[in-house]
Colleague: 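Below you'll find the structure I mean.
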Amino acid sequence: MEGLMFLGFILVAMFFIGLGGLIFAKENKKLYLRLLLIPIIIAVVGFGTCVVIVSSL
């Protein structure tokens with residue numbers, strides 16, 4: 001359980017760093033866009049996996 005919370009904290013930090021970088025950075029926006037999109041993709045894949053597991057019960 002603590003591992004999931006730690007992973008969630010890392011993903012939230014990546015999201016906010018990416019968001020702040022996209023808003024305030026003048027260059028190298030591709031890096032910040034990746035930092036923003038990776039946590040979103042991981043959350044969508046994880047949610048989809050949970051839906052598949054719950055629907056098969």
Side-chain angles (χ1 to χ4, degrees):
M1 189 67 167
E2 290 84 11
L4 287 175
M5 290 175 58
F6 182 69
L7 181 64
F9 178 74
I10 290 174
L11 292 177
V12 168
M14 283 176 64
F15 178 80
F16 283 122
I17 289 170
L19 186 64
L22 280 178
I23 292 172
F24 296 113
K26 300 204 182 330
E27 56 196 40
N28 202 8
K29 289 192 183 252
K30 200 178 263 190
L31 170 71
Y32 292 114
L33 186 62
R34 282 190 194 141
L35 282 176
L36 180 70
L37 290 178
I38 289 172
I40 293 172
I41 292 170
I42 291 174
V44 167
V45 168
F47 182 72
T49 305
C50 288
V51 167
V52 169
I53 291 171
V54 168
S55 68
S56 69
L57 289 178

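Fair warning: this is a prediction, and the values are worked out from it, not measured in the lab.
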Colleague: Hey, any chance Val51 and Ile40 share a hydrophobic cluster, counting ILVMFWY side chains that come within less than 4.5 Å of each other, even indirectly?
Modeller: no
Colleague: Is Phe47 reachable from Leu7 through a run of I, L, V, M, F, W or Y residues, each pair having side-chain heavy atoms under 4.5 Å apart?
Modeller: no
Colleague: Under 4.5 Å between side-chain heavy atoms, hopping through other hydrophobics if needed: is there a path connecting Leu35 to Ile23?
Modeller: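 Per the 4.5 Å side-chain linkage, Leu35 and Ile23 are co-clustered.
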Colleague: Which atom pair, heavy atoms only, marks the closest approach of Leu22 to Lys29?
Modeller: O-NZ, 2.9 Å
Colleague: Once you round to the nearest 0.5 Å, how far does CG of Leu37 lie from CZ of Phe15?
Modeller: 9.5 Å
Colleague: Is it the case that one hydrophobic cluster holds both Ile53 and Val45, taking links as side-chain heavy atoms less than 4.5 Å apart, direct or via other members?
Modeller: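 In one cluster: no.
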Colleague: In this structure, would Leu31 and Ile10 fall into the same cluster of hydrophobic residues linked by side-chain contacts under 4.5 Å?
Modeller: no
Colleague: So how far is it from Phe24 CZ to Leu19 CG, rounded to the nearest 0.5 Å?
Modeller: 9.0 Å
